[in-house]
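So the structure is just underneath, and the comments pick up after that.
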Protein chains: 4
Amino acid sequence: MVHDVAVDAGLAGSDGRRLRARGHRTRARLLTAGSAVFAEKGLHAARVDDIVRAAHSSHGTFYLYFGSKEHLFDELIGDVVGEIATLVNDMPTVSDTVRGRAALRDWLDRFADLYERSGGVIRTWTESELSGEGAGRRGDDALGGLVTALMHRVRIPKRSGLDPAVATLALITMCERFHYYAATQQVRATREEILDTLVEIADAAIFGH
Amino acid sequence: MVHDVAVDAGLAGSDGRRLRARGHRTRARLLTAGSAVFAEKGLHAARVDDIVRAAHSSHGTFYLYFGSKEHLFDELIGDVVGEIATLVNDMPTVSDTVRGRAALRDWLDRFADLYERSGGVIRTWTESELSGEGAGRRGDDALGGLVTALMHRVRIPKRSGLDPAVATLALITMCERFHYYAATQQVRATREEILDTLVEIADAAIFGH
Amino acid sequence: MVHDVAVDAGLAGSDGRRLRARGHRTRARLLTAGSAVFAEKGLHAARVDDIVRAAHSSHGTFYLYFGSKEHLFDELIGDVVGEIATLVNDMPTVSDTVRGRAALRDWLDRFADLYERSGGVIRTWTESELSGEGAGRRGDDALGGLVTALMHRVRIPKRSGLDPAVATLALITMCERFHYYAATQQVRATREEILDTLVEIADAAIFGH
Amino acid sequence: MVHDVAVDAGLAGSDGRRLRARGHRTRARLLTAGSAVFAEKGLHAARVDDIVRAAHSSHGTFYLYFGSKEHLFDELIGDVVGEIATLVNDMPTVSDTVRGRAALRDWLDRFADLYERSGGVIRTWTESELSGEGAGRRGDDALGGLVTALMHRVRIPKRSGLDPAVATLALITMCERFHYYAATQQVRATREEILDTLVEIADAAIFGH
DNA sequence: TATGAATGAGATTTCATTCAT
DNA sequence: AATGAATGAAATCTCATTCAT
């Protein structure tokens with residue numbers, strides 16, 4: 001009796017049917033290809049044709065797994081949102097100690113990892129928020145959650161005129177955009193340089209060093 | 001040759017002049033409408049039809065004044081780039097004094113003005129950089145110029161591991177994104193709160209207060 | 001001042017804008033072509049391409065006036081439904097006299113006219129009822145109205161087991177199908193022969209002559 | 001040569017026979033499913049996917065038994081045509097007696113049975129005649145045969161202007177459409193009511209009662 | 001014998017741009 | 001100077017049929 005491990009993997013096609021091993025591979029190939037094409041061209045300029053060519057597949061097959069370009073994109077976003085949620089969950093309490101700074105640096109390192117892996121999708125997503133359609137909404141929620149979580153973990157000293165929420169957003173924002181410019185080659189900096197700068201600035205901004 | 005003022009609009013004269021004035025008004029209306037539509041939908045999702053409807057004009061008229069959708073966009077970008085250039089030119093030397101801080105705050109205020117007026121175009125432009133098409137290039141140049149100018153004017157104290165260019169970029173970036181989130185209503189903050197926070201953080205980051 | 005009579009004709013394109021004379025002509029051409037193509041091939045087999053070719057137009061133009069093939073079809077149905085309603089309204093009271101028979105014959109003549117003009121659409125519509133989608137519903141209403149109106153106007157003598165509603169439907173049905181077979185050339189009969197037979201049968205069935 | 005019963009299903013043997021039996025069952029399931037789907041959606045709108053899903057089978061299996069969607073349909077039609085032929089053969093000579101009326105009623109009862117069983121296919125077939133494709137032709141032949149057979153068996157009294165062929169067609173037509181409206185629920189009537197009405201009308205029309 | 005995966009031809013639909021008035 | 005109409009290239013999407021297991 002053959003034991004086909006792939007039969008019960010759980011993922012489904014666009015019409016909800018179960019997939020076998022080969023189907024899962026094709027589906028994954030399309031997701032990977034979509035990620036790359038979106039990163040390169042953005043949501044609107046990306047053509048289904050680009051994606052299927054990159055995945056060595058066909059139009060018919062694409063619509064076997066995804067109802068539309070936007071559906072595939074939604075799924076990519078969903079994955080990233082999940083990863084961000086995990087990251088937020090793992091955010092350390094940043095205190096004004098050597099250990100606190102080290103924890104912050106480690107966390108920023110993981111943020112950098114995430115950005116390296118999924119930066120393309122994140123940038124496309126940021127872009128797509130402009131048109132204010134479906135996908136964008138989940139983005140805002142994820143961002144809101146990030147800010148809230150950070151606010152609770154980073155103890156910003158009460159100083160005149162510095163609203164904790166606003167200051168936190170400023171820091172995250174700097175962090176995200178920073179990686180953005182690095183990823184799009186608009187600024188040349190090594191991972192080490194980026195982390196050093198971010199920790200230093202955050203440290204100075206928060207604790208006034 | 002009959003001088004038909006209604007057809008031969010290029011000639012001077014009181015009637016001809018009125019028509020030329022009408023042309024300018026139409027053109028301006030299209031630019032304004034384009035700015036609004038691009039801000040709302042982004043470069044790709046914006047339809048020529050949206051623009052002409054917003055301008056209470058027509059397709060035919062649109063192509064009377066602009067060679068293409070991108071041409072209109074380019075012109076909008078051009079204006080913004082000019083304004084940014086002026087702003088950079090007026091960047092004060094930021095020193096660690098009360099007067100220095102006040103100058104920085106004034107300058108950030110003008111930046112906020114610009115963003116309020118042209119934020120839509122700036123955001124669209126940022127987006128369009130992704131697809132790496134014509135328009136985006138001018139954007140990079142403007143950004144590069146901004147960074148360079150700032151670097152020469154902000155005296156960042158030499159401290160371990162803090163590359164002046166990188167740190168400056170981080171600050172500008174924070175500044176831009178900050179206004180971005182405010183403009184897209186993702187964070188609610190008054191102009192005063194934003195300025196206070198930015199000055200405070202920049203001050204702390206640069207001078208370690 | 002030019003008096004452009006066509007400007008205010010009232011009909012609109014698919015996005016609701018007013019049309020000028022030329023637009024109306026194109027729209028009408030598409031409707032006529034659609035009517036012919038549907039009659040020949042049926043709703044599903046008819047291609048938008050067939051319609052625009054028959055109308056000497058283009059795909060783009062088609063979608064300028066109709067949101068989809070089904071929208072155009074709906075409009076055709078709407079017209080026919082209107083004509084049927086008028087016909088039903090004009091149905092004479094059929095009594096067992098020479099005058100009553102003559103009135104019935106006249107009315108059946110008008111029915112024949114309508115079928116000659118719009119038989120293609122009616123047949124396609126009958127077909128499309130199978131799939132039970134949007135358009136079909138209006139059809140049932142029109143049919144129901146026809147039956148009701150006739151029932152009130154044809155005085156079927158109360159005889160054992162002859163439900164007036166059922167008998168009326170049987171007669172209409174015969175009438176419609178009859179023209180159907182004549183129109184699709186499955187039976188060769190002149191207009192006169194058809195009318196004679198229908199009047200005779202109806203007469204016999206209703207009054208027992 | 002190895003005799004592998006599981007693969008070489010064409011050979012006889014207990015195992016091979018079981019497999020053959022399975023094949024027949026699958027084929028029958030597809031025919032039943034096809035009949036249901038065609039009845040619901042019509043020939044063009046019916047998807048192979050709908051049929052195989054209804055039959056709890058697969059695309060691959062479908063094409064194992066039928067060369068195309070149309071082939072399956074043809075086979076369904078063929079069965080119905082056979083049944084109609086039998087029915088026509090059994091058509092009694094209708095005379096103006098109690099016995100003649102009873103025979104007509106019995107025959108109409110069998111027609112009703114047939115329509116109940118195969119009405120879906122008959123309606124789809126009627127529809128498909130519109131597009132004038134292969135399958136439709138057989139339909140016309142069957143209809144023609146039906147009319148001819150009836151004409152020879154029903155003695156329509158010669159009265160002025162009533163062509164026997166035309167009158168017969170009118171009656172059959174009424175009969176078919178009648179069941180059609182009943183089957184598609186457009187008119188609510190019991191089997192008894194339908195038969196009573198049809199016999200009564202036919203009787204009146206033919207013999208002038 | 002059975003199946004899910006894959007395909008591609010062909011259908012629909014969109015929209016920047018040109019045309020005729 | 002202005003406009004609505006028209007266009008067609010290019011995009012999205014569907015589905016009957018074939019393929020590989």
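Fair warning: this is a prediction, and the values are worked out from it, not measured in the lab. Chain letters run A, B, ... following the sequence lines, proteins first, then strands; residues in each count from 1.
- Looking at every heavy atom in both residues, S57(A) comes nearest to T26(A) through OG-CG2, 4.3 Å.
- Taking only side-chain nitrogens and oxygens, T26(B) never comes nearer than 4.0 Å to OP1 or OP2 of dA1(F).
- In this entry the distance linking CZ of R27(A) with C1' of dG4(E) reads 15 Å, nearest Å.
- In this model, the phosphate group of dA20(E) is not approached by any side-chain N or O of R22(C) to a distance below 4.0 Å at OP1 or OP2.
- L76(A) has its side chain out of reach of W125(A): every pair of non-hydrogen atoms, C-beta onward, lies at least 4.5 Å apart.
- Here the P atom of nucleotide dT3(E) and the CZ atom of R53(D) are 14 Å apart, to the nearest Å.
- Rounded to an integer number of Å, the gap from R20(D) CZ to dA2(E) P is 14 Å.
- In this structure, the CG atom of L64(D) is 16 Å from the P atom of dA20(F), given to the nearest Å.
- Atom pair H24(C):NE2 and dA6(F):C1' shows a separation of 16 Å (rounding to whole Å applied).
- In this structure, NE2 of H56(C) is placed 14 Å from P of dG8(F), rounded to the nearest angstrom.
- A parallel orientation is assigned to the rings of H44(C) and H44(D), their planes being inclined by less than 30° (bins at 30° and 60°).
- Contacts of Y65(B) with the nucleic acid, taken as non-hydrogen atoms under 4.0 Å apart, involve only primed sugar atoms and P, OP1 or OP2.
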Using the 3.5 Å cut-off, write out each protein N or O paired with an N or O of nucleotides 14-18 of chain E and the distance between them.
| residue | atom | partner | partner atom | Å |
| --- | --- | --- | --- | --- |
| dC15(E) | OP1 | R47(B) | NE | 2.7 |
| dC15(E) | OP1 | R47(B) | NH2 | 3.0 |
| dC15(E) | O5' | R47(B) | NE | 3.3 |
| dA16(E) | OP1 | R47(B) | NH1 | 2.7 |
| dA16(E) | OP2 | V48(B) | N | 3.1 |
| dT17(E) | OP2 | Y63(B) | OH | 2.8 |
| dT17(E) | O4 | H59(B) | ND1 | 2.8 |

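- We find that CZ of R29(B) is positioned 11 Å from C1' of dA1(F), with the value rounded to whole Å.
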Margin query: Working note: F66(D) + L31(D), criterion side chain to side chain contact (heavy atoms under 4.5 Å, CB included); need CA distance, chi angles, decisive distance, verdict.
Written below: CA-CA 10 Å; F66(D) 304 98; L31(D) 281 167; 3.9 Å; yes
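- Pairing partner, dA5(F): dT18(E), with both Watson-Crick or wobble hydrogen-bond distances short of 3.5 Å.
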Check: Between T32(A) and S35(A), is a side chain to side chain donor-acceptor pair (under 3.5 Å) present by the stated rule, with each step listed?
Finding: CA-CA 5 Å; T32(A) 307; S35(A) 179; over 6 Å; no
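- The pair E40(C)-R123(C) does not count as a salt bridge, with every side-chain nitrogen at least 4.0 angstrom from each carboxylate oxygen.
- Side-chain contact between F38(B) and K69(B): present, with at least one pair of heavy atoms (C-beta onward) separated by less than 4.5 Å.
- With rounding to whole Å, D50(C) atom CG is found 14 Å from dG10(E) atom P.
- Between S57(A) and dT7(E), a side-chain N or O to OP1/OP2 separation shorter than 4.0 Å is present.
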